[in-house]
Structures are given as C-alpha cells and as structure tokens.
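Computed from heavy atoms alone, side chains included, the values below leave out hydrogens, waters and symmetry copies. Every chain is numbered from 1, with letters handed out A, B, ... down the list of sequences.
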Protein chains: 2
Amino acid sequence: MKMREDYTCPLELVHDMIKGKWKPIILWRLRLGKTSLSKLEQDIQGITQKMLLQHLKELMEYGFVEKQTYSGYPLHVEYYLSDPMGKEIIEALRIMQHIGITYLEKNGKAEELLKKHIIPD
Amino acid sequence: MKMREDYTCPLELVHDMIKGKWKPIILWRLRLGKTSLSKLEQDIQGITQKMLLQHLKELMEYGFVEKQTYSGYPLHVEYYLSDPMGKEIIEALRIMQHIGITYLEKNGKAEELLKKHIIPD
DNA sequence: CTGGATCCCGAATGATACTG
DNA sequence: CAGTATCATTCGGGATCCAG
C-alpha cells in the first residue's frame with residue numbers, strides 16, 4: 001500500500017491506511033479480541049495467508065494493530081487492536097456497518113448478505 | 001469503481017463505496033453545504049473536473065450525494081449530502097479526521113499537513 | 001514437521017493524460 | 001465533457017524460507 005506524499009486533509013491519510021481490500025474486515029474481526037493468524041484465516045472467508053499477512057503488516061506499521069509473539073511450542077503469535085488508534089477506527093467502521101445494513105435492507109438484499117456475515121456485530 | 005459480487009459483511013460494501021482517491025474529500029467538503037461543481041473544483045486542490053464528475057456520479061449512484069438542477073440562466077447545478085446516508089458517513093469520516101490529526105501530531109508532521117488543510121473542521 | 005513470514009510474477013483495477 | 005490509451009498499484013497464486 002503506497003502512501004501519497006501530500007494529502008489535503010488528515011482524513012485522507014487515514015482513509016489510505018485502511019483502504020486495502022481486506023483491512024476493514026480484519027479490523028472488524030480483531031474487535032472481538034486477540035487471535036492468531038490461523039484463526040483469522042479461518043474466520044475471514046476467502047482470504048489467503050499471504051494477503052492476511054500483508055495487510056496485517058501494514059496495519060501494524062500505521063499503528064492500528066499490534067502483535068505479541070509467544071516463544072515456546074507450538075509457535076504462537078497473537079494480533080490485537082492497539083489502544084487508542086485501533087479502538088477508534090472501529091467506531092468509524094461501526095458506522096459503516098450500520099449504513100451498509102440499512103442500505104441492504106432498503107434494497108431488499110439484506111438476507112442474501114447478512115446470512116454470510118459470520119462475524120457478529 | 002467496480003463493486004464485488006460478495007461481501008462477507010455490510011461494512012465492506014460501504015468501504016468499497018467510498019474507496020476512490022477523491023471520495024472522502026468530496027464528501028468532507030460537501031459537509032459544509034450545497035455547492036456547484038466549479039466551487040468544488042476550486043476547493044479540492046489537485047482534482048480534475050473529470051475525476052470530480054466521475055466520483056460525484058458514483059457517490060450519487062450509491063446514495064450519499066444528491067444534486068439539484070436549477071433551470072434558468074446561467075445554468076446552475078448544486079450537489080449536496082443526502083439525508084441520512086450522506087450525513088451518516090460524515091460521522092465516520094469525522095472519526096478518521098480525528099485519528100489522522102492525532103497521528104500527525106504524534107509524528108511531528110502536523111504543521112506540514114494541517115497548513116494545507118483548507119477545508120475547516 | 002508446523003505455523004508464520006517473504007519473494008517473484010502475471011492479471012485485474014484504478015488514476016490520469018490525451019483526443020475528438 | 002465522453003472515450004480511449006497509458007501508467008502505476010493492488011490482488012492473488014505458488015514456491016520458498018525461517019524458527020521452534
């Protein structure tokens with residue numbers, strides 16, 4: 001994810017930070033608490049390990065996500081939202097979630113999409 | 001802006017709706033009230049009329065923005081945020097704006113960017 | 001061996017320049 | 001302004017590497 005040199009507004013910077021295809025869902029899933037890479041891979045349907053790692057890495061660089069590595073066996077790493085940046089972005093995503101649900105209900109496509117929606121609100 | 005067929009979550013749908021390079025800033029500017037195309041073009045530095053029109057069109061298709069055409073002379077068109085969808089997304093953008101400002105302050109790059117930031121909070 | 005992480009490359013998409 | 005061409009980025013597959 002390449003960042004621009006200039007932004008007219010701080011908002012644009014943040015928008016770029018979360019603009020990847022999988023970033024919103026990853027954050028949304030992380031809102032439920034710490035998890036491992038493999039658990040994330042299971043919960044987010046369609047994502048590959050590679051994409052997951054790439055997006056997690058970027059989210060860590062910007063400061064939304066942090067990770068903790070436990071040495072020992074079996075090897076274990078946990079990812080979680082940072083405080084306050086990670087927690088704050090969730091509030092923005094929550095609004096988007098609300099808009100999305102309303103939009104789908106209005107257009108009668110709610111069931112179709114809400115059924116798949118495994119990550120709870 | 002091509003939309004996907006499936007989304008795992010309504011949030012992703014909305015994220016895609018506003019994912020273009022200029023969409024957040026256009027919405028942010030519209031928050032200040034109705035305006036014409038040319039006024040938008042002036043206020044959003046670096047945008048071309050073509051990009052502006054393309055993104056406005058998409059924002060109208062999704063329902064964030066509406067336009068009103070005044071017949072008469074000179075010909076006049078005004079764009080504005082829809083209610084409630086347009087107004088709601090502003091709340092999400094406001095959070096991003098806040099995160100962005102905090103981030104820039106922490107990294108000592110606040111002045112540099114905040115100076116350019118012509119659109120008021 | 002297992003789970004976590006990186007590299008290389010082609011295909012799809014987005015942004016912008018160019019043109020009528 | 002719309003249509004097309006061009007250029008930069010992003011996505012995703014697959015191989016591969018690294019560390020307990």
Side-chain angles (χ1 to χ4, degrees), chain A residues 1-9 11-27 29-30 34-62 64-80, chain B residues 1-9 12-27 29 35-42 44-62 64-65 67 69-71 73-79:
Chain A
M1 200 66 49
K2 188 163 190 174
M3 302 301 270
R4 279 187 262 165
E5 315 295 312
D6 329 313
Y7 290 93
T8 29
C9 199
L11 193 190
E12 288 190 288
L13 173 65
V14 176
H15 181 257
D16 263 18
M17 287 171 167
I18 60 163
K19 81 160 178 255
K21 176 171 179 183
W22 303 100
K23 295 214 182 76
I25 290 289
I26 293 173
L27 290 166
R29 171 60 188 75
L30 250 26
K34 288 191 179 186
T35 23
S36 67
L37 190 72
S38 50
K39 199 86 180 66
L40 283 171
E41 200 176 343
Q42 285 168 32
D43 288 351
I44 301 173
Q45 61 172 223
I47 200 170
T48 63
Q49 193 191 42
K50 183 190 155 178
M51 281 293 110
L52 188 50
L53 277 161
Q54 181 187 313
H55 289 231
L56 277 170
K57 189 181 169 191
E58 289 169 9
L59 289 171
M60 289 192 293
E61 283 169 7
Y62 305 142
F64 291 108
V65 172
E66 290 169 5
K67 81 171 172 184
Q68 191 167 6
T69 308
Y70 299 90
S71 52
Y73 198 76
L75 190 57
H76 203 58
V77 178
E78 302 227 291
Y79 293 90
Y80 55 97
Chain B
M1 203 64 50
K2 189 166 188 170
M3 303 299 272
R4 279 187 262 165
E5 315 295 311
D6 328 312
Y7 290 94
T8 28
C9 202
E12 287 189 292
L13 174 65
V14 176
H15 181 256
D16 263 17
M17 287 171 168
I18 60 163
K19 82 160 176 258
K21 175 171 179 184
W22 303 99
K23 294 216 181 76
I25 209 77
I26 293 173
L27 290 167
R29 172 59 189 75
T35 25
S36 66
L37 191 70
S38 52
K39 200 87 180 64
L40 283 172
E41 201 176 342
Q42 284 169 31
I44 301 173
Q45 61 174 220
I47 199 170
T48 63
Q49 197 188 43
K50 179 173 181 178
M51 280 293 109
L52 187 50
L53 276 164
Q54 181 188 313
H55 289 246
L56 277 170
K57 188 181 167 193
E58 289 170 10
L59 289 170
M60 289 192 292
E61 283 170 8
Y62 305 142
F64 291 109
V65 172
K67 80 171 173 184
T69 309
Y70 298 90
S71 52
Y73 198 76
L75 189 59
H76 204 60
V77 178
E78 303 228 290
Y79 294 89

For the side chain of B:Q54, counting heavy atoms from C-beta on, which of C:dG4, C:dA17, C:dA15 is nearest?
C:dA15
Whether B:W22 contacts C:dA15 is assessed here as follows: a side-chain N or O lying under 4.0 Å from the phosphate OP1 or OP2. Is that the case?
no
Over how many whole Å does the gap from A:I26 atom CD1 to D:dC11 atom P extend?
10 Å
If you assign A:K2 and A:G46 each to the DNA chain D nucleotide with the nearest heavy atom, which residue ends up on the more 5' nucleotide?
A:K2
Side-chain N or O of A:H55 less than 4.0 angstrom from OP1 or OP2 on D:dC11?
yes
Please give, in whole Å, the distance from D:dG14 P to A:L52 CG?
18 Å
Taking atom P of D:dG12 as reference, at what distance in whole Å does atom CD1 of A:I44 sit?
13 Å
Between A:K67 and C:dA5, is there a contact of a side-chain N or O with OP1 or OP2 at under 4.0 Å?
yes
Measure from CD1 on B:I47 to C1' on C:dG14 and round the result to the nearest Å.
14 Å
Taking OP1 and OP2 of D:dG12, is either one under 4.0 Å from a side-chain nitrogen or oxygen of A:K21?
yes
Return the value, rounded to whole Å, for the distance between atom CD of B:E58 and atom C1' of D:dA2.
15 Å
Which of C:dT16, C:dG3, C:dA5 is nearest the side chain of A:L75? It is C:dG3
Just compare C:dT6, C:dT16, D:dG3 and give me whichever is closest to any side-chain atom of A:L53.
C:dT6
Applying a 4.0 Å non-hydrogen cut-off, can you work out what B:M51 is touching in the nucleic acid: base, sugar-phosphate, or nothing?
base
Over all atoms of both residues, closest heavy-atom pair of B:Y7 and B:L13:
CD2-N, 3.6 Å
Please report the shortest heavy-atom distance between B:E12 and A:K21, naming the atom on each side.
OE2-O, 3.9 Å
Could you give the CD-to-P distance, from B:Q49 to C:dT19, as a whole number of Å?
19 Å
Below 4.0 Å: OP1/OP2 of C:dA5 and any side-chain N or O of A:Y79:
yes
Provide, to the nearest angstrom, the distance between the CD atom belonging to A:E61 and the P atom belonging to C:dA5.
13 Å
If you take atom types as modelled and just measure distance, does the side chain of B:K19 reach the base of C:dG14 with a donor-acceptor pair under 3.5 Å?
no
Main-chain N/O of B:I18 paired with A:H15 side-chain donor or acceptor, under 3.5 Å
yes
Quick check: on DNA chain D, is the nucleotide nearest B:K50 upstream (toward 5') of the one nearest A:T48, or the reverse? Name the residue that is more 5'.
B:K50
Determine: side-chain N/O of A:S38 to OP1/OP2 of C:dG4, distance under 4.0 Å, yes or no.
yes
Within 6.0 angstrom of A:K57 NZ, more than 12 heavy atoms from elsewhere
no
What is the distance, rounded to the nearest whole Å, between atom CD1 of B:I25 and atom P of C:dA15?
15 Å
Could you tell me which non-hydrogen atom of B:K2 sits nearest to which non-hydrogen atom of B:K19, and how far apart they are?
O-NZ, 4.0 Å
Counting C-beta onward and ignoring hydrogens, is there a side-chain heavy-atom pair between A:L53 and A:L37 closer than 4.5 Å?
yes
